[in-house]
Every structure is written in C-alpha cells, then in structure tokens.
There are 2 protein chains.
Amino acid sequence: MIDPSVPLPKYLQLRALLLDTISRLPMDALIPSERELCRRFNVSRTTVRQAVDQLVVEERLRRVPGKGMVVARPPNRFQSFADDMHALGMSASCVDLGTQTIEADADLADLLGTAPGAPVHVLHRLRLADGQPMAVERSYIPAALAPDLFERRRPGGSLFKALEREFGIVTDTGDQTIEAGPATDNEAEPLDIPQGGTVFHLRRRTFSRGACAELTFSTYRADRYRIHLGLKP
Amino acid sequence: MIDPSVPLPKYLQLRALLLDTISRLPMDALIPSERELCRRFNVSRTTVRQAVDQLVVEERLRRVPGKGMVVARPPNRFQSFADDMHALGMSASCVDLGTQTIEADADLADLLGTAPGAPVHVLHRLRLADGQPMAVERSYIPAALAPDLFERRRPGGSLFKALEREFGIVTDTGDQTIEAGPATDNEAEPLDIPQGGTVFHLRRRTFSRGACAELTFSTYRADRYRIHLGLKP
DNA sequence: AAGTGGTCTAGACCACTTT
DNA sequence: AAGTGGTCTAGACCACTTC
C-alpha cells in the first residue's frame, strides 16, 4: 500500500489513499481511527496525523474528539451556474449556441498562459434560469489540456464536471473581474432585454496546478442576477 | 514565556508569541530556526512545528528549505478602499458626509445580529479616486462594539484600522452581495454622473469572531469601477 | 474500561543551502 | 562542515465519548 522506496513522502501517499477512500464514502461516514491507520499501513501516528491534518485543512475530513474522524462535505467547488441558480431557488438550464476550435491570438494567449497560435476550444452557451434567459457565456479552454473535449463532453452538461471527469483537471484557484454597464445589441437580443439594459460583464479564469484551464466571459442580466460572495481574509 | 500550567496548549502560546514577533518584522525577515526556538522556549521540535505550521497555513510565514523561515506578506485583509484604488493605480481620498447614532430597526438588527432598538453608529462617506467621485458609502457599526467610535476615529481615516487599533476588533470573515442597475437621483448627484447612469450596489458585512462588526452599503460608479476577486475553492 | 482525538517529548536521517 | 527545513519513529499522558 505505502511504498517507502517511492520518492513521494509516506504522508502524501497516505493522504492520496485516504482521499480515494473518502471520495467513495457518504458525508459523515466514520473512517478508521488514527491508531488503526497506523497498524494498517505500518506507519507512525505522526505520519498519519500529517496526512489527516492536510485533509482537514482541505475540508475533506473533520475530527471529532472522543469519536473519530468523519467525511466532511466536499469543499466549496467553484460555483457552477446550476448551483448558483439553485441557491437562488431557481431551476437552471443551458443551451449550447455553438462550438469551435480556434488559434489563440496574442490577447487570448496572454490570458490563458499559452503560446500565441495554440489551439483553443471555444464554447458558446446561453444560460437559462426558470426557463428565462439569464446569461450568455463564451468559454475558452486550451485544447492541449482537453483535446477531444467536444466529443467527450455531454452537451448541455457542466463544463467543470467534464474537465474533471474526462480529463482529470481539478481547478484549485481562480480570479474574476466584474464590470457593469449597458448591454450591446448583440448581448441584448439573446438575453431578451431592451437595448442598453444593464448587464454584468464577468471574466473568470480558473487554474489547475498553476495553469489556466478555463477562461469564461459571461454577460448576466443585472435585472435578474445578484452576486453573492463569502469573504475570507 | 510559555507557561505549561495555563490551559492554552503550548503550541498555541508559541504561535501567539511568534505572531507578535512577526508583526513587528518587515516582510522576508528571517526568524529564528526551529531548533533555536526549541532551545529558547524549552519545547520539542514537534511543538514548534505545530505552531509554525499554523502560521504557514495562515500565510504569515514561509518556510525556505535549507535557509530558514521568513515573514510572509500579511494575508489578504479585506480590501480597504484605499488599497483597492492603489491597486488600480489611483490615489484615494475620502470625505465624511456625516455621522449619527441610531436605533436599529428590525431589518438592520437582523443584518447586524443585534437586538432591535440596539444603538448603531452610522457613517456616511464619499469616496474619491484621483480626486473624482467614485462611490458613496453608508456604514453601520453596532455601538456596543465601539462605543465612542466617532470620538476615537481619525476623520477621513480607515474605518477598519480604527476598529482594529482602537477597539481590538479584527475581522475574520465576511459576505458580500453585488447588484448593478441605474442610479437613483440621490446617488447620481454626489457621484457626479447622469441620472440613470449605471452603478454597482454593494452590501458587505464583516464579522469578528462570529459577530457582525460592520455593515456597509456602497454605490460605485460602474463607469469607473471594476471588481477584482481572487477565488479559492 | 476501552477507544478516540489532542498534545507533547526526544530522538533520528535526509536533501538542501550557506560558509 | 554546519545549519536548515522535511520527514519519520516510538513512545507518553490528557480529556472526551461510548459501552
């Protein structure tokens, strides 16, 4: 199970094994005790605690003194559109408006951190909440990270889930800029709002292990949408 | 220095001592080595590492293998308006438009987590960037937390700094909602924009040890302002 | 009473940087 | 060569929960 000869430290090997176990378990499930893990993997308790500590920081496990360790809710993944709408009590749906694969120009390459001219997948979508238009989105994904994305992706499904399940890309950080202003005619039409109506312009990048995995420009109807953020120092 | 009889664990006592040291040191300063701290405070290396580990997670310290431990940049405090503007390359200033102390109505009490009728300080400010109006803000602070806030606060100075320095209130979490829409006449006038110009409406709450310390409604000119966010899962 | 996580000790060897 | 952080061991006692 744990190979002392492998260059990866024992506690990280153990963490990976625990993560695999956790992912198959329901929330609040009790996992084996620290001392039991020591016996089972033949490592010291310090090593077990080092592995567990990290999972606790990552909010995958909770310690319960006197009881044991239980599986915690998955950490806040980046808000998918569907989750976002459900939190507001609305149903979410999505219409694909088109896909293509282009070569990155200088600006796009700069934002994605790829070489200029590198192939990039583009996904154009209309987001609906309770059946009414809420946003239009244009997503860019470096083709090197997900070569046959459009063949493997379930149309209308979550882009994040496809990246994670089909290509093993788990996003870990991101950045976002938010602007507001009047909609252009091109934007107003699919959103079903008057020309010049107020919209949010969002630009979001999400990163996986230091590389930009996804760049999305969204235009949200400001009359229907409100952004909620939790802040941590 | 470290008292084994006190109920607080040694590693937390040590963490507090280190935090005090760190706060007086410039960024990238080298602090004593782990083994030196063991000798100096007469604790085991495990205990030292436990204290340091926490400060590393909190981004107050960085470890440099082979070198030592250095003071890291202070963690992202909540963006003060001044910091926000400086990041955009603009100078920031502030004009106090008035202060008063009121009794919380039901809505305000709900948002602040105080009892209805509890006294609340209100601070009304105009924010300027490069000398031009950028935002108007209305801040509410439970008077119980900062009784003589208006006597002790430096006019035009940072509210957060005053709460921290004068009342020991350090904010640890927060939430924020962002809307966009046309400005009302009341808002447009001090911001020096046309009636109906696009503005951001921000509502931010910051918490200190579980209690709301501050509630601020801001109206930002959308033609000059852009929101930047770092995202973590 | 037995088991759990929480804290703590006193060592050890490694890869790395500095001198 | 000396010092540093990174990893690891094999114990220990405590407060707590469960039986």
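Letters go in sequence order (proteins before strands), and every chain restarts at 1. Since we're looking at a predicted model, the values are computed, not measured.
A/Asp28 meets the salt bridge (Lys or Arg N to Asp or Glu O under 4.0 Å) test with A/Arg62; sequence neighbours excluded. In terms of the salt bridge (Lys or Arg N to Asp or Glu O under 4.0 Å) criterion, B/Arg203 has no residue partners (sequence neighbours excluded). Evaluation of the side chain to side chain donor-acceptor pair (under 3.5 Å) rule for B/Arg224 yields no partner, not counting sequence neighbours. With sequence neighbours left out, the side chain to side chain donor-acceptor pair (under 3.5 Å) criterion links B/Thr114 to no other residue. A search for ring-ring contact (aromatic ring centres under 6.0 Å, His included) contacts involving B/Phe200 returns nothing, not counting sequence neighbours. Judged as a side chain to side chain donor-acceptor pair (under 3.5 Å), and not counting sequence neighbours, the contacts of B/Arg152 are B/Asp148, B/Glu166. Every residue two or more places apart in sequence or in another chain that forms a side chain to side chain donor-acceptor pair (under 3.5 Å) with B/Asp3 is listed here: B/Ser5.
When side chains are defined from C-beta on, B/Thr177 does not count as touching B/Leu202, because their heavy atoms never get closer than 4.5 Å. At a threshold of 4.5 Å between non-hydrogen side-chain atoms, the residues B/Arg138 and B/Tyr140 count as touching.
An OP1 or OP2 oxygen of D/dG6 is reached within less than 4.0 angstrom by a side-chain nitrogen or oxygen of B/Arg63. Proximity of B/Ser33 to the phosphate of D/dG3: no side-chain N or O atom is located under 4.0 Å from OP1 or OP2.
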Could you pull out every donor-acceptor pair under 3.5 Å between side chains of residues 118-125 of chain A and any protein atom, sequence neighbours left out?
| from | atom 1 | to | atom 2 | distance (Å) |
| --- | --- | --- | --- | --- |
| A/His121 | ND1 | A/Thr101 | OG1 | 2.9 |
| A/His121 | NE2 | A/Ala146 | O | 3.0 |
| A/His121 | NE2 | A/Pro147 | O | 2.9 |

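Put simply, CG on B/Asp53 is 13 Å from P on C/dT7, counting in whole angstrom units. Across the protein-nucleic acid pair, A/Ile31 atom CD1 and C/dG3 atom C1' stand 15 Å apart, rounded to whole Å. Atoms CZ (B/Arg39) and C1' (D/dG3) sit 10 Å apart, rounded to a whole Å. Remark: P of C/dT4 and CZ of A/Arg49 are 13 Å apart, rounded to the nearest angstrom. Taking atom CD of residue B/Glu34 and atom P of nucleotide D/dG3, one finds them 15 Å apart after rounding to whole Å. Across the protein-nucleic acid pair, A/Leu30 atom CG and D/dT18 atom P stand 11 Å apart, rounded to whole Å.
Of the residues in residues 11-21 of chain A, not one places a heavy atom less than 4.0 Å from an atom of DNA chain C.
Taking a pair as Watson-Crick or G-U wobble with both distances under 3.5 Å, DNA chain C forms stems of 3 or more consecutive pairs at C:1-18 with D:1-18.
Legend: salt bridge (charged side-chain N to carboxylate O under 4.0 Å, His left out) pairs involving residues 108-123 of chain B, not counting sequence neighbours: none detected.
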TODO: Encode nucleotides 9-18 of chain C as B, S and - characters from 5' to 3', where the letter depends on protein heavy atoms closer than 4.0 Å: B to the base, S only to sugar-phosphate, - to neither.
DONE: BB-BB--BSS
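In this structure, B/Leu8 and A/Met69 both approach DNA chain C, and ranking their closest nucleotides by distance from the 5' end singles out A/Met69.
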